[in-house]
Amino acid sequence: MAWYPGAVKMELQPESDQQAAIKPTQFIVHSIIAPWTARRTYEYWRDSTNLESHFGVDYEGTVGQYIGTETRADANAGANRRSDGTGAVSAETASNTSGSDPWNAKQIEDLIAIGVWLHQEHGIPLRICRSHSDPGYGYHSMFPQWSTSGTACPGTARIKQFKETVFPGIVARATGKTTEPEQEETVPHTLGRYDTTDRPLIPGKWTTLPIEGVDLLTGARAYQAMAQITAGLPDGATLQGRFYHHRTDDSRWTAGLSERQGTAGSTFADFHNCGSIAASEKLRFEVCYWPVEADDSKPITITTSRLRGLYWK
């Protein structure tokens, strides 16, 4: 386990000994939505919940560390520990009860100092994370994979400070010079595909749908996409669809499922998804047809498929 020398050690047990090891590759900052001291944050983690962060940063300039940075902490949902053993280091910061106040000067200094130490101790690269799994520095609401139910943390004012003051401060101090941080691309590219190949769908079988190819998007970090399908469905039948990210090891991340009801004549169904995606992952789309009668085995035919959307590299 690694302990930051600038922190007061307040080790949480049994979490510190029992939780899995990680290879730290990210630093994610939070607001705790309470004006707590580092000690009070420790007591909350200890007495009231099985969640915790690695660090607590209070208004007075005290940093508490509760878990070693090579041990999993549970503040970052999907970034806590990934299947490859990498994970994020988390810092909760004291805030007002609405999470609307900016960090004070002491908090900014502490976050910069922790960020520099993480770069020196663990080699976290000096860049803002480009995807939910990309090594670097970020804030809690940056990617949905870092929160189980959505969040605005650490708040609008602090996100602005992170981009304009905290992260540039980490870069400048770690490198010994003032450096412009790596900027996220803000101008999106367009997605536009059109396919008129007839595609039969067997009832009850999920089928990956090619739209000018199976891989709809590669080499991106974020996207907004809509698949539009024209098909002949019996009135009242159901067409389900979902996007998924295909990984190099043949595993996948699957987005939420949507469904559309068939109408007499042709059915025009649309399915949407947006999110972040690793540059190595490929965006794909799959559909499944469910007839009105369970014993109906007759396939239907998709006659036209379209893909529309935006993506960022």
Side-chain angles (χ1 to χ4, degrees), residues 26 76-88 129-134 141-150 188-195 197-231 233 237-262 267-291 299-313:
Q26 296 172 324
N76 306 303
N80 294 333
R81 186 181 189 276
R82 303 181 183 85
S83 59
D84 63 358
T86 63
C129 298
R130 299 166 297 186
S131 73
H132 66 93
S133 59
D134 183 51
S141 61
M142 183 177 288
F143 299 107
Q145 291 86 348
W146 294 355
S147 171
T148 56
S149 56
H189 304 268
T190 58
L191 277 171
R193 295 189 178 209
Y194 181 75
D195 197 317
T197 305
D198 287 351
R199 310 281 184 188
L201 289 183
I202 298 171
K205 180 182 178 182
W206 282 98
T207 302
T208 297
L209 183 65
I211 308 176
E212 294 185 7
V214 170
D215 298 329
L216 306 180
L217 178 63
T218 58
R221 64 176 175 85
Y223 68 91
Q224 298 175 352
M226 174 178 65
Q228 299 171 306
I229 294 171
T230 304
L233 271 71
T238 302
L239 192 65
Q240 295 180 330
R242 60 192 178 195
F243 288 88
Y244 67 94
H245 302 173
H246 184 265
R247 301 181 177 123
T248 54
D249 62 358
D250 285 332
S251 65
R252 58 189 272 174
W253 174 85
T254 305
L257 180 150
S258 299
E259 62 182 34
R260 303 289 184 262
Q261 295 295 313
T267 294
F268 302 90
D270 60 292
F271 303 91
H272 305 255
N273 195 59
C274 62
S276 59
I277 185 170
S280 60
E281 294 177 337
K282 300 172 181 178
L283 181 67
R284 296 180 178 180
F285 178 75
E286 62 182 0
V287 289
C288 189
Y289 161 59
W290 300 96
I300 63 165
T301 300
I302 293 176
T303 56
T304 304
S305 308
R306 298 176 176 86
L307 181 72
R308 298 287 184 269
L310 301 171
Y311 67 96
W312 291 260
K313 288 187 174 180

So, do [X] and [Y] sit near enough that their side-chain heavy atoms are less than 4.5 Å apart?
X	Y	value
Asp270	Arg260	yes
Arg221	Asp134	no
Trp253	His132	no
Asp198	Ile302	no
His189	Leu310	no

Checklist entry - Taking the six-membered ring for Trp, are His245 and Tyr223 parallel (under 30°), tilted (30 to 60°) or perpendicular (over 60°)? => result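 His245 and Tyr223: perpendicular rings.
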Checklist entry - Relative to the ring of Phe285, is the ring of Phe271 parallel (under 30°), tilted (30 to 60°) or perpendicular (over 60°)? => result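 Taking Phe285 first and then Phe271, their aromatic rings sit tilted (interplane angle of 30° to 60°).
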Checklist entry - Are there more than 12 heavy atoms of other residues, nucleotides or ligands under 6.0 Å from atom CG of Leu257? => result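 Result for CG/Leu257: enclosed.
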Item to check | side chain to side chain contact (heavy atoms under 4.5 Å, CB included) partner of Thr303, chosen from Thr230, Asp195, Ile229, Thr197 | outcome: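 Considering Thr230, Asp195, Ile229, Thr197, a side chain to side chain contact (heavy atoms under 4.5 Å, CB included) with Thr303 is found only for Thr230.
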Checklist entry - Leu217 and Lys282: side chain to side chain contact (heavy atoms under 4.5 Å, CB included), yes or no, with the steps? => result CA-CA 6 Å; Leu217 178 63; Lys282 300 172 181 178; over 6 Å; no
Next on the checklist: As a quick check of understanding, evaluate side-chain hydrogen bond (donor to acceptor under 3.5 Å, both in side chains) for Gln261 and Thr238, giving each step before the final call.
Outcome noted: CA-CA 5 Å; Gln261 295 295 313; Thr238 302; 3.1 Å; yes
Between [atom1] of [X] and [atom2] of [Y], what distance do you get to the nearest 0.5 Å?
X	Y	atom1	atom2	result
Trp290	Leu233	CH2	CG	13.5 Å
Thr190	Gln224	OG1	CD	12.5 Å
Thr218	Arg284	OG1	CZ	11.0 Å
Thr254	His246	OG1	NE2	10.5 Å

Next on the checklist: Can a side-chain donor-acceptor contact be found between Thr208 and Tyr244 if the only test is distance below 3.5 angstrom?
Outcome noted: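 Thr208 and Tyr244 do have a side-chain donor-acceptor pair below 3.5 Å.
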Next on the checklist: Pairing donors with acceptors under 3.5 angstrom, does anything connect the side chains of Ser305 and Gln228?
Outcome noted: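 Absent: no donor and acceptor within the cut-off.
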Item to check | Step-by-step side chain to side chain contact (heavy atoms under 4.5 Å, CB included) determination, Leu239 to Thr267 | outcome: CA-CA 9 Å; Leu239 192 65; Thr267 294; 5.8 Å; no
Item to check | Candidate pair Leu216 and Leu191, rule side chain to side chain contact (heavy atoms under 4.5 Å, CB included), full reasoning | outcome: CA-CA 9 Å; Leu216 306 180; Leu191 277 171; 5.9 Å; no
Next on the checklist: Against Ser276, only a single residue in Glu281, Gln145, Arg130 fulfils side chain to side chain donor-acceptor pair (under 3.5 Å); can you say which?
Outcome noted: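 By the side chain to side chain donor-acceptor pair (under 3.5 Å) criterion, Ser276 pairs with just one of Glu281, Gln145, Arg130: Gln145.
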Checklist entry - Okay, side chain of Gln240, backbone of Glu259: is any donor-acceptor separation there less than 3.5 Å? => result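 No; zero donor-acceptor contacts below 3.5 Å.
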